[in-house]
Each structure stands twice: as C-alpha cells, then as structure tokens.
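Here's the structure, in structure tokens; my notes come after.
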Amino acid sequence: AQKVTQAQTEISVVEKEDVTLDCVYETRDTTYYLFWYKQPPSGELVFLIRRNSFDEQNEISGRYSWNFQKSTSSFNFTITASQVVDSAVYFCALSENNQGGKLIFGQGTELSVKP
Amino acid sequence: DAGVIQSPRHEVTEMGQEVTLRCKPISGHNSLFWYRQTMMRGLELLIYFNNNVPIDDSGMPEDRFSAKMPNASFSTLKIQPSEPRDSAVYFCASSLMLAETQYFGPGTRLLVL
C-alpha cells in the first residue's frame, strides 16, 4: 500500500540556517510521482515541485533543493539560508500512476524560522 | 490566470443543516479533486472527477456526503445533514489531466456547531 512518512513533526531554526525536511515513501508501483507543497499560515496549499520516478536528478530552485533517492525511497527537501517567510507547514505527497492522480499526503512538517 | 476558486471561504452552520461547497477549477483542467484537512486525519482525498465523471469516491466518509460536477467549470460538495465532526477545511484542486500537478484552491473552512 502507498504511504508517505514525514517523521519530523516540527522543526525550529534561526534565520539563515540551512534545514532539511525528510520524506520517505512506500509504493509498489514502478511509475509514480512525488510532490512537495507548502502551507503558510494563511492556509492555502502552494505547489513547489513534482518529480517522476524515472528522474532521480536533484533539483535546485533558488534557495530550495530536492534530493530524490529511489534506493532509500526518500525525497528530501532542503532550504538554504532559511528566512522567516519560509515558516509554514510543508507536505510531501505521492501519486501512483495506476491510481489516477490520487495524492497521498504525509502528515506534514511544521517549520518555524525565527529571526 | 485565475487559480482554483472556492466559495464560501468560511462557513458556520448548525448541526443538521445542509452545507454546499463550491469549486471552479482552472480553465482547461480536466481533473478535479476534493480533499479534507483535519488535525486528526491530515489531508485526505474525498472524491475526484475526470472530464466531469466521478472516478473514485471511496474517500467520501458517509452517505451524508455527495459531490457533483455538472460541467467542466463547476463542482459542488454537499453535506446533508451536517455534523460537528464534519468541521474541517475542504480543499478543491484541479489538474490538466490525471497524474499531473494538482493546484489547490484557498479552501473552505467549515465549522458545524
């Protein structure tokens, strides 16, 4: 069965620190997609990245980077030089190709960046 | 471009009342999803449509919940009768097609007293 685990419930860092949010997934499908969404205090869900199971290249977008490792079924998210505006709940999610796009979400990691 | 639009943004109602949540997906998107977010259960899929047809409603908690998509630009999620345990944030999301990136609306915060 598909499952997403975000073991870190809460993380607190001081501004400018680097922080990594962990995500481990379980799936039996060979074709699947991994996502990260951000939920700021205002409540909306903001799409950050989508990765398919055949593309293990790491991705960097500004201060954000993602490390996808199929060998460990992990899709970790790193914020470099964190800022107060990064404070939010971050969700990792999995979609299996044979499940029609249904997103399975992890429980989320609440990141607090203090000035 | 307008994103996913949901209304109302907030709804307070009394137990037993009917509640209707509305969603307008992004123009041109063929797939629409309804999710519910609670502290206890996190984010969970309720139902999704493809080309206006319900594909999987296995996440709908009870017969009190129903959803429709009469056309490509409108969907409703109805709860009748509502109960306090239905209090949650309900999100609508749309994607170009199944398995593509889902873009979420701002959510409807429902409180059933």
Side-chain angles (χ1 to χ4, degrees), chain A residues 1-10 21 23-25 27 29-55 59 61 64 66 75 88-110, chain B residues 1-11 23 25-26 29-51 53-60 87-111:
Chain A
Q2 65 270 45
K3 185 180 178 182
V4 176
T5 302
Q6 295 180 254
Q8 305 148 308
T9 305
E10 297 178 9
L21 310 182
C23 173
V24 175
Y25 62 93
T27 178
D29 207 346
T30 55
T31 303
Y32 54 90
Y33 306 88
L34 296 165
F35 302 80
W36 277 94
Y37 285 86
K38 174 182 179 180
Q39 188 172 41
S42 51
E44 70 271 27
L45 281 161
V46 179
F47 165 73
L48 295 179
I49 189 170
R50 172 179 183 263
R51 225 40 185 165
N52 75 56
S53 52
F54 299 109
D55 184 1
E59 176 138 350
S61 176
Y64 295 171
W66 291 269
F75 186 43
V89 180
Y90 291 87
F91 291 95
C92 181
L94 165 71
S95 170
E96 294 177 325
N97 196 51
N98 66 359
Q99 291 292 313
K102 173 181 178 177
L103 281 175
I104 303 297
F105 284 89
Q107 287 301 304
T109 296
E110 183 173 4
Chain B
D1 287 340
V4 176
I5 299 172
Q6 291 186 248
S7 65
R9 294 292 306 278
H10 302 272
E11 177 82 23
C23 176
I26 294 172
H29 281 195
N30 294 319
S31 303
L32 183 141
F33 305 79
W34 283 100
Y35 291 86
R36 179 171 69 174
Q37 184 177 32
T38 62
M39 288 296 293
M40 292 298 295
R41 299 176 65 89
L43 276 156
E44 52 182 349
L45 177 69
L46 299 177
I47 185 172
Y48 69 94
F49 297 81
N50 192 46
N51 293 322
V53 176
I55 303 299
D56 183 351
D57 66 354
S58 60
M60 296 285 261
S87 298
V89 180
Y90 291 82
F91 287 101
C92 176
S94 71
S95 62
L96 201 57
M97 59 184 70
L98 291 178
E100 291 290 327
T101 298
Q102 294 178 29
Y103 295 92
F104 284 75
T108 294
R109 190 173 296 274
L110 174 65
L111 178 61

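First the proteins, then the strands, lettered A, B, ... as listed; each starts at 1. The figures that follow rest on heavy atoms only: side chains count, while hydrogens, waters and symmetry mates do not.
Around atom CZ of A/R50, more than 12 heavy atoms belonging to other residues, nucleotides or ligands sit under 6.0 Å away.
Rounding to the nearest 0.5 Å gives a distance of 8.5 Å between CZ of A/F105 and CD of B/Q37. A distance of 5.0 Å separates OH in A/Y37 from CZ in B/F104, rounded to the nearest 0.5 Å. The distance from the CD atom of B/E44 to the NZ atom of A/K102 is 10.0 Å, given to the nearest 0.5 Å.
The shortest distance between side-chain heavy atoms of B/L43 and A/L103 does not fall below 4.5 Å.
For A/Q2, there are no side chain to side chain donor-acceptor pair (under 3.5 Å) partners at least two apart in sequence or on another chain.
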For residues 91-101 of chain B, which side-chain donor-acceptor pairs fall under 3.5 Å, sequence neighbours excluded?
residue, atom, partner, partner atom, Å
B/S94, OG, B/I26, N, 3.3
B/S94, OG, B/H29, ND1, 2.8
B/S95, OG, B/M97, O, 2.9

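Residue A/F91 touches chain B through its side chain alone, counting heavy-atom pairs closer than 4.5 Å. Heavy atoms closer than 4.5 Å to chain A are found in the backbone of B/R41, but not in its side chain.
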